[in-house]
Amino acid sequence: MNEMSATNLLSLGPRENRARLVSWRHRRHRIGRAAWVAALLSLALTSGDGKTPPPSPRAIIPVSEVREGMPVVAQTVFQGTAIETFAGHVVGVLHGYHPGRDLIIVRFEGDRIEESGVAAGMSGSPVYVGERLMGAISYKMSPFPRDLTAGVTPAEYMVREARTDAGTLTARNSVVGDDGGPAAPVAAAAVADSPLSPRLEPLATPLVASGLHPLAEREFARELSRVLRGPIVMPALAGSGSAHLGAVAGDARAALQSPAVEGAPLAPGSPIAGVMAWGDVSLAATGTVTRIEGDRVFAFGHPFLYQGSIRLPMAKAEIVATLSDQSSPYKLANIGRIVGTIDSDGLTAISGTVGQPPELIPVTVRITHGGALVDTVRTMVFEHVTLTPVILRQVVLSAMYYAPLYNQQSTYRVFGRVAIGGDRTLAFDQVYSSNGGPTDIVPQKAAADLGDVFGGLYTNRFTPPRIESVELTVDVSSGHRAWRVTGLLAASTRIQAGKPMNVLVELEAFRGEHRLETVTLELPANLRGTPLRVWAGCASALVEAGVQLGGSPRELATARTLDQIIGALNRRRSDDQVYVVAERSAPGAVIQHQLLPTLPVSMLSLMDVPELGGSAEVDRWIVSSASVSVERAIVKGRASLTVIPQ
């Protein structure tokens, strides 16, 4: 292709392409003939209205043919959606960087790349030798951003491994350990131990976040650094699809197809995003497309979540700017419309298919003040054993930070339901109260409680749950409405088995009055002469004391099915009640989720039989219980006494 034929080819393209052509003419003497030809090809591939069938993918050069000194050309987007080209040369090949895999070392040059450095978000930027694809920019070689040497993942690995086994690292969109908890993801190779480490590490993945309160954003960054193994950077709160959330409640699929940013058609070198949440709260990881084969897209050149098989929405993006940060340059992106599904997150690439996006979880959080609706947060969250609970925590946390009266004396009731496949429903209802001020941790506590619920569902060792929707309400009322249990005494000195027993619970309000609540317990007739321990307090305080209320950790630990786990979670008690229980010390057991008190020794001897899996010995069990409400306030503390019915 000569200059005239290339110009003619582009003459019908957008005006910006002609302007870029002029710019490239002025720069061609610096970037060399190979870069000039690749630049023209890039302009041709990205011009037009997007309806023209994509060109056939270029041939791949095997790593075995790569030689020191080879001139290369790379493509990426520095701003907007215009793919730009910069030159470089092969420094060498690092053999066996991963077992059975090599890494190509390339040094780049030219004004554009020197201005930005090898930035986070360039992961996947294709690198060509002549007309053949060599690989993807994927690793940084130095802690200093002005070093333009980078690691290039060979394209032959990216395509071969994504084609042959999308589930190399895991077989699910989740990783569950032998104990039912999350297993550690595959560690990133050669992750740096210090900011100045000279070791190789994958280029950081920029995460675009919108809709999160700044405090929640910081919490989210800390959570991700704990959960993920690959390096990430959260540049700033940025734009995404929140403007199109009106359709989520009635038509989630329409909302997914609504573009927030209409970028150019996907092409090698164009930005791409993996979307974790989409809506009023949006979270997405951005990188670069390396190769397209039909409707199959290959990108990044390294893992994102190290999860193997995955179901992550794939979206277009545009680059707002490539910022040459002195410590870590990065691309700042807007997320466009969702165009397909990323289904492979392997060691050498992420890859996916253009077309149908995956099913997401609709999440609705309503904020009310004294029962009156103040705001509604709607978002769609992708399903993942580790990240879904983390994201849901941050959505609730952000809603509470934005709620009226945050950081003041206030009381929150967080309640709602989770719809689970198989016509199952999980209820959540808890009360929190805050005295305000800079040490207020109520939002974090509420978000952590909700995250624990989802963590328990996703890490169960029986059946992967299919979450269909989440609907929550955060109701805020003024005042730190809290009561503390300060004492407990029997109303009478004569306690008789088989008859009601009245106890008096002493309560003290926060900076308020004292009051006594009379609670009646029914005592079975067969307890004559049996010492009973009577407790009064909030649910969490009694569970801490080992009282086996509904939904206790022991009940969850002995569950044998997903339905039993959901049932136990639905039996959890809220802290807006004073619970009074009488318990007896006697040998018993929880076997397959059922409490069997006062078991004979012969039965207890069977506790170690494997067929009775999910069993646990107990020496305390509740014989009577009652509760009293404290009118939308939180209860704290506990008290106890011992009685012997006659």
Side-chain angles (χ1 to χ4, degrees), residues 213 216 248-249 280-281 361-379 381 388-389 391-406 409-420 423-434 440-457 465 467-483 538-543 549-552 556 565-579 627-636:
H213 189 281
V248 166
D280 291 336
V281 172
I361 304 172
V363 178
T364 302
V365 181
R366 296 178 178 86
I367 304 170
T368 60
H369 185 194
L373 182 64
V374 174
D375 199 4
T376 301
V377 177
R378 294 188 178 94
T379 192
V381 179
T388 298
I391 295 170
L392 287 171
R393 278 200 297 268
Q394 303 315 312
V395 172
V396 173
L397 183 63
S398 190
M400 295 184 73
Y401 281 142
Y402 278 125
L405 305 177
Y406 167 66
Q409 291 187 1
S410 53
T411 300
Y412 301 83
R413 181 187 173 207
V414 182
F415 62 96
R417 60 187 293 277
V418 180
I420 305 172
D423 294 325
R424 305 175 179 99
T425 299
L426 173 62
F428 185 89
D429 195 340
Q430 190 56 271
V431 174
Y432 308 88
S433 192
S434 169
D440 181 13
I441 62 170
V442 163
Q444 293 94 318
K445 178 67 168 62
D449 286 349
L450 187 68
D452 288 345
V453 169
F454 280 92
L457 285 175
I467 308 299
E468 296 180 342
S469 65
V470 179
E471 294 190 10
L472 293 171
T473 297
V474 178
D475 185 53
V476 189
S477 56
S478 59
H480 178 36
R481 296 158 59 181
W483 293 88
C538 66
S540 57
L542 294 186
V543 169
L549 293 178
S552 66
L556 287 167
I565 288 176
I566 294 172
L569 290 171
N570 278 329
R571 284 188 288 276
R572 290 171 310 143
R573 311 295 178 88
S574 173
D575 280 344
D576 62 346
Q577 303 273 324
V578 178
Y579 296 96
S627 64
V628 60
S629 174
V630 289
E631 299 90 29
R632 292 168 57 84
I634 191 171
V635 179
K636 300 179 180 179

Colleague: What residues form a side chain to side chain donor-acceptor pair (under 3.5 Å) with Asp475, not counting sequence neighbours?
Modeller: Thr368, Arg632
Colleague: Report yes if some heavy atom in the side chain of Leu457 is under 4.5 Å from a heavy atom in the side chain of Ile566; otherwise report no.
Modeller: yes
Colleague: Can you see which heavy atom on Arg481 is nearest to which on Ser433, and at what distance?
Modeller: N-OG, 3.1 Å
Colleague: Say you draw a straight line from CZ of Arg393 to CG of Asp449; how long is it, rounded to the nearest 0.5 Å?
Modeller: 10.5 Å
Colleague: Looking only at non-hydrogen atoms, find the nearest pair between Val635 and Asp576 and report the distance.
Modeller: CG2-C, 4.3 Å
Colleague: Say you draw a straight line from CD1 of Ile420 to CD of Glu468; how long is it, rounded to the nearest 0.5 Å?
Modeller: 9.0 Å
Colleague: What residues, two or more places apart in sequence or in another chain, satisfy ring-ring contact (aromatic ring centres under 6.0 Å, His included) together with Tyr401?
Modeller: His213, Tyr406
Colleague: So which heavy atom on Gln577 is nearest to which on Ser627, and how close?
Modeller: OE1-OG, 3.5 Å
Colleague: Would a distance-only check, ignoring hydrogens and angles, find a side-chain to backbone donor-acceptor pair under 3.5 Å from Asp280 to Arg378?
Modeller: yes
Colleague: So, using side-chain contact (heavy atoms from CB on, under 4.5 Å) as the criterion, who are the partners of Ala539 when residues are at least two apart?
Modeller: Leu549, Arg573, Asp575, Tyr579
Colleague: The test is side-chain contact (heavy atoms from CB on, under 4.5 Å); show your working for Gln444 and Met400 and say whether it passes.
Modeller: CA-CA 9 Å; Gln444 293 94 318; Met400 295 184 73; over 6 Å; no
Colleague: Restricting to non-hydrogen atoms, name the atom on Asp375 and the atom on Leu373 that form the minimum distance, rounded to 0.1 Å.
Modeller: O-CD1, 3.5 Å
Colleague: Tell me every residue that passes side chain to side chain donor-acceptor pair (under 3.5 Å) with His369, counting only those two or more places apart in sequence or in another chain.
Modeller: none
Colleague: What is the distance from atom CZ of Arg424 to atom CD1 of Ile565, rounded to the nearest 0.5 Å?
Modeller: 10.5 Å
Colleague: Between Thr379 (side chain only) and Val281 (backbone N and O only), is there a donor and an acceptor less than 3.5 Å apart?
Modeller: yes
Colleague: Once you round to the nearest 0.5 Å, how far does CG of Leu569 lie from CZ of Phe454?
Modeller: 10.5 Å
Colleague: Who pairs with Arg572 by side chain to side chain donor-acceptor pair (under 3.5 Å), at least two apart in sequence or on another chain?
Modeller: none
Colleague: Going by the rule salt bridge (charged side-chain N to carboxylate O under 4.0 Å, His left out), which residues pair with Arg417 if we only count those two or more places apart in sequence or in a different chain?
Modeller: none
Colleague: Should Val453 and Val418 be marked as a side-chain contact (heavy atoms from CB on, under 4.5 Å) after you check the CA-CA gap, both sets of side-chain angles, and the distance that decides it?
Modeller: CA-CA 10 Å; Val453 169; Val418 180; 5.8 Å; no
Colleague: Measure the shortest side-chain to side-chain distance between Gln394 and Leu397 over non-hydrogen atoms and say whether it is less than 4.5 angstrom.
Modeller: yes
Colleague: CG of Leu392 to CG of Leu450: how many Å apart, nearest 0.5 Å?
Modeller: 6.5 Å
Colleague: List the atom of Val476, the atom of Ser410, and the distance in Å for their closest heavy-atom pair.
Modeller: CG1-CB, 4.2 Å
Colleague: Taking all non-hydrogen atoms of both residues, which atom of Lys636 and which atom of Cys538 are closest, and how far apart?
Modeller: CA-SG, 3.9 Å
Colleague: Checking Thr473 against Val414 for the side-chain contact (heavy atoms from CB on, under 4.5 Å) test, could you report, in this order, the C-alpha distance in whole Å, the side-chain angles of both residues, the deciding distance, and whether it holds?
Modeller: CA-CA 6 Å; Thr473 297; Val414 182; over 6 Å; no
Colleague: Donor-acceptor pair, distance only, cut-off 3.5 Å: does the side chain of Thr411 make one with the backbone of Gly479?
Modeller: yes
Colleague: Tell me, please, which residues at least two apart from Arg413 pass side chain to side chain donor-acceptor pair (under 3.5 Å).
Modeller: Asp429
Colleague: Applying side-chain contact (heavy atoms from CB on, under 4.5 Å), run through Val578 and Trp483 and close with a yes or a no.
Modeller: CA-CA 9 Å; Val578 178; Trp483 293 88; over 6 Å; no
